[in-house]
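Each ligand, and each atom within it, is numbered from 1 in the order the structure gives.
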Amino acid sequence: MATVRLDQKRCALVRAVPDSYPRALAKFFGSGPTSVPRAQEQHQAYRQALIANGVEVTVLPADHDHPDCIFVEDQAVVIDDHVLLPVPGHPSRRGEQPPVADFLVRQLHGGRLCRMWGEAKMDGGDIVRLGDLFFVGRSERTNDAGIAELKLLLDHLNYELRVVDVPKHALHLTSISSTPTDTDLLIPEGYLRPEDFGDLPEGCRVHVMPEEEVYGCNTIGFPNGKVLVAEGYPTVLATIEALGLEPVVLDMSEIRAADGSLTCCSIFYSPPPWLLESE
Ligand code: GLY
């Protein structure tokens, strides 16, 4: 669920698939995308699934000079009405940020903008929110200086931050976990352990999936009880159903080929309250 609660998923920013997508970084789940048209079809189905679940979707044009540009989650961290612009962890991805930042600053009107600088590095894909508790992955893309800057913001907002070490065989914390609701956390055996997350608030539960379903642990839940899940992960599917939720299954094969997951392809946000009140 990345950095917003279920009730804050009013709007989402996504970015179209560039012609250069076959050159996207791929080191963990995939060995690189092979078909731009198929990736575009899957991305279109993803966008439709967001819309079908009540999300207002804006599509930024593709940036053909940046093969990874569809993975907008890494470029900005929206927490309530604040936007944190990280220094993306991979140098090839830093030029993706300006249009994403401009868009969010316009959408969140009077919201607060913070920008990382210096040695700090972070990909938004390393942050997971469980209700009002935040986890950040210390990973190949997110360093301690970046974590310290995120902590400053979360301290200001009165939210707790816990650090989880992402194993070397994974890209981001969100590549291997997600919160399909504000109280449920999915993690895979062989990558993460429940104790990595510490004692959770009352009512929160960790669901441990088989190691081979690691990719399926990335899901997107909505306030209507539906949950987007990637095709091909039966234990994840059964767990979502056992929680009384309704899975919506998407073919993510060309997104996975570039190490991307469901949450990587969107930034959720909610317009400021005064705009909602006038609806
Ligand atoms: N291909 C997604 C990333 O490596 O950032």
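By the 4.0 Å N-to-carboxylate-O rule, Arg129 lies close enough to Asp80 to be salt-bridged with it. Ion pairing between a basic and an acidic side chain is recognised when a charged N comes within 4.0 Å of a carboxylate O; Arg10 and Asp7 show no such pairing. Under the 4.0 Å criterion applied to side-chain N and carboxylate O atoms, Arg5 and Asp132 are assigned as salt-bridge partners.
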Once you restrict both partners to nitrogen or oxygen, which atoms of ligand 1 have a protein partner under 3.5 Å, and how far apart are they?
{"residue": "ligand 1", "atom": "1 (N)", "partner": "Leu25", "partner atom": "O", "Å": "2.8"}
{"residue": "ligand 1", "atom": "1 (N)", "partner": "Asp68", "partner atom": "OD1", "Å": "2.6"}
{"residue": "ligand 1", "atom": "1 (N)", "partner": "Ala258", "partner atom": "O", "Å": "2.7"}
{"residue": "ligand 1", "atom": "4 (O)", "partner": "Arg141", "partner atom": "NH2", "Å": "2.9"}
{"residue": "ligand 1", "atom": "5 (O)", "partner": "Arg93", "partner atom": "NH1", "Å": "2.8"}
{"residue": "ligand 1", "atom": "5 (O)", "partner": "Arg141", "partner atom": "NH1", "Å": "2.8"}
{"residue": "ligand 1", "atom": "5 (O)", "partner": "Arg141", "partner atom": "NH2", "Å": "3.4"}

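Screening residues 86-99 for salt bridge (charged side-chain N to carboxylate O under 4.0 Å, His left out), with sequence neighbours left out, gives Asp74-Arg93, Arg93-Glu96. For the salt bridge (charged side-chain N to carboxylate O under 4.0 Å, His left out) condition, the pairs that include at least one residue of residues 141-152, sequence neighbours left out, are Asp123-Arg141, Arg138-Asp144, Lys151-Asp155.
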Donor-acceptor list for residues 21-33 side chains, cut-off 3.5 Å, not counting sequence neighbours:
{"residue": "Tyr21", "atom": "OH", "partner": "Glu254", "partner atom": "O", "Å": "2.7"}
{"residue": "Lys27", "atom": "NZ", "partner": "Glu140", "partner atom": "OE1", "Å": "2.8"}
{"residue": "Lys27", "atom": "NZ", "partner": "Glu140", "partner atom": "OE2", "Å": "3.2"}

